[in-house]
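Note sheet for the following structure.
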Amino acid sequence: MSRTERDDYLERLEELLPAREAARVRMEVDALIEDRIEEQRERDPDVDEAEAERAALRALGPAEQLADELVSSPLVIPLATRRTFVRVLAAVFACHLLLSVALTFAGATWDSIPGLLAPLPNEPFAAVFLGVITIFLIDTGALLCIFVAIGRAAPDRLRPTAPLHARATRKGALQGLVLLVLMALIVNLFLDEVFSVKHGDEFRPFLASDFKSIVPYVNLVLAFFALRHILTLLDRGETAMATAAEALGCLSGAALLVIAATLGKLVEMPTSSKLGREAAEVLDNLIERVFLVIIVIGALLLMLRFVRLAIRFGRQVRA
Amino acid sequence: MAERVDPRFEAELRRGVVQLVALHYLETPRYGYDLVRLLGAAGFQVEEGTLYPILRRFEKAGILASRWDTSGKRPRKYYELSDDGRSVKAAMLDAWKRARDATDGALDRPMKEEEAEAAEPAASEDTP
């Protein structure tokens, strides 16, 4: 006997339902289909059987929709869960990519976490592209597993992520500008005074010249954030342009931090009669490690913020 | 003007009520498609895809009892209101009557009377 649309429908329905209910539901739905076909035959004895069957299936609706109505947990993934998944994936992918790029710049040749975290190949282009795709696939797969596990254990925990929108106010913008001016002053005029160590009666700076060479680029990052606050002040609230400016600030800040982490030397502790070369090197190493931890955490936070701002910018532009 | 009414309005209005009417008809044992026909004749156009999940939900909740009748040319599943189901139906009927009376009362009352009633609590707050 050839398979009919009815057989396909019932089989699809059975596959979608929990095993303990599937056979029973199939029998009941089959009876409903048969009842409708019989009623059509009574009204019109010459009715086309296939068309009568199709009409009965239309009355039931798609198998997926019917199965969704019949099971206690939804088959169709709610919009909120999908949105959460996409946002978390964007953030995780951005951070994972950032770390891989940082490892590449640092010249690492080994996998930090085999199979999960490794430097990106930097040539040829096809290898770089495949490397990025691989990172995306790993993150997608890992998140899917986590979501399925959480979905089974505690479905209510999969709430939407925190709202993207944080109201920008003029007061906040003014405070932000003041803070940025202070940061600019420290970075451009008082860097050596702030990052210095006392030797005898004098304070001697300990930041390496490599590290200080990125100061002009820090000003660029600060300028993006300042632009965001200025736009907020002028427009009396947050606009898409302000969001874009902040997003660029976060992205450039993250990139700058990654570059800073891969510089040759961040710290050069000055030596003196009280601090020998060996002790100074140990201190260099210690302070550099602390700086690196701060840099990595800062870069990740900026990257996460960039992802949220990028999503918010997209929504503001579409609105 | 009737065509400007959102078609979902009537569907949503009927969605809860059709369950009550279905339970009413199931005081007598009936099979699924029989119930579809009865509801259709009463003005509630529902299809099997809508009714079947309702019947299954009621059956799982113990509101309906069911049995297969294999005496005919093919088996048919009959549903009937259970003892618990009768209490549930009575409660749903009370809820429907309350909603109906409240709606009728609100729609029948003149607008000015409602505005006066709404203003009364504010006035009593102002007076020392």
Side-chain angles (χ1 to χ4, degrees), chain A residues 1 4-14 16-45 47 49 51-76, chain B residues 7-8 11-12 14-19 22-23 25-26 28-82 85:
Chain A
M1 189 191 303
T4 62
E5 285 181 48
R6 176 178 177 170
D7 295 324
D8 288 339
Y9 183 93
L10 290 171
E11 192 166 302
R12 213 159 62 239
L13 182 64
E14 219 176 339
L16 290 167
L17 293 170
R20 64 181 182 280
E21 293 182 48
R24 185 179 166 182
V25 168
R26 181 183 177 133
M27 215 161 45
E28 291 169 7
V29 170
D30 197 26
L32 280 171
I33 294 171
E34 198 53 51
D35 284 340
R36 188 173 267 263
I37 292 174
E38 191 178 290
E39 192 245 7
Q40 289 180 81
R41 275 197 219 112
E42 281 170 11
R43 276 196 273 123
D44 178 9
V47 71
E49 285 292 314
E51 185 47 48
E53 193 175 270
R54 262 180 242 121
L57 294 180
R58 276 197 300 271
L60 283 166
E64 292 76 16
Q65 194 175 308
L66 183 59
D68 195 44
E69 296 277 335
L70 292 172
V71 297
S72 50
S73 50
L75 285 171
V76 177
Chain B
R8 288 173 295 185
E12 283 167 14
R14 288 169 182 269
R15 190 167 304 172
V17 179
V18 79
Q19 296 180 44
L23 288 183
Y25 285 132
L26 288 171
T28 315
R30 302 189 191 278
Y31 60 95
Y33 193 68
D34 187 26
L35 192 55
V36 168
R37 273 199 300 234
L38 275 171
L39 288 168
F44 294 91
Q45 301 300 331
V46 288
E47 293 187 320
E48 293 87 298
T50 306
L51 186 64
Y52 177 62
I54 293 173
L55 293 175
R56 262 198 76 81
R57 199 162 57 243
F58 282 156
E59 192 185 358
K60 275 185 182 176
I63 294 171
L64 296 177
S66 65
R67 58 175 174 82
W68 282 94
D69 179 6
T70 53
S71 60
K73 49 185 175 178
R74 58 181 178 80
R76 263 195 181 128
K77 185 168 182 177
Y78 281 77
Y79 298 89
E80 188 184 11
L81 214 51
S82 67

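A note on names: the letters A, B, ... follow the listed sequences, proteins ahead of strands, and every chain is numbered from 1.
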Qualifying salt bridge (Lys or Arg N to Asp or Glu O under 4.0 Å) pairs with a residue from residues 40-49 of chain B, counting only residues at least two apart or across chains: A:R36-B:E48
Under the salt bridge (charged side-chain N to carboxylate O under 4.0 Å, His left out) rule, collect the residues that match up with A:E28, sequence neighbours excluded. A:R24, B:R56, B:K77
Are A:R41 and A:E49 close enough for a salt bridge, meaning some N to O gap below 4.0 Å? yes
Quick one: which residues of residues 37-45 of chain B reach chain A at under 4.5 angstrom, heavy atoms only? B:R37
Using non-hydrogen atoms only, which part of A:E34 is less than 4.5 Å away from chain B: side chain, backbone, both, or neither? both
Specify the closest pair of heavy atoms between A:I37 and A:A56, including all atoms of both residues, with the distance to one decimal. CG1-CB, 4.3 Å
With A:R54 via salt bridge (charged side-chain N to carboxylate O under 4.0 Å, His left out) - residues at least two apart: A:E5, A:E51
Can A:E11 and A:R6 be said to form a salt bridge (charged side-chain N to carboxylate O under 4.0 Å, His left out), step by step? CA-CA 8 Å; A:E11 192 166 302; A:R6 176 178 177 170; over 6 Å; no
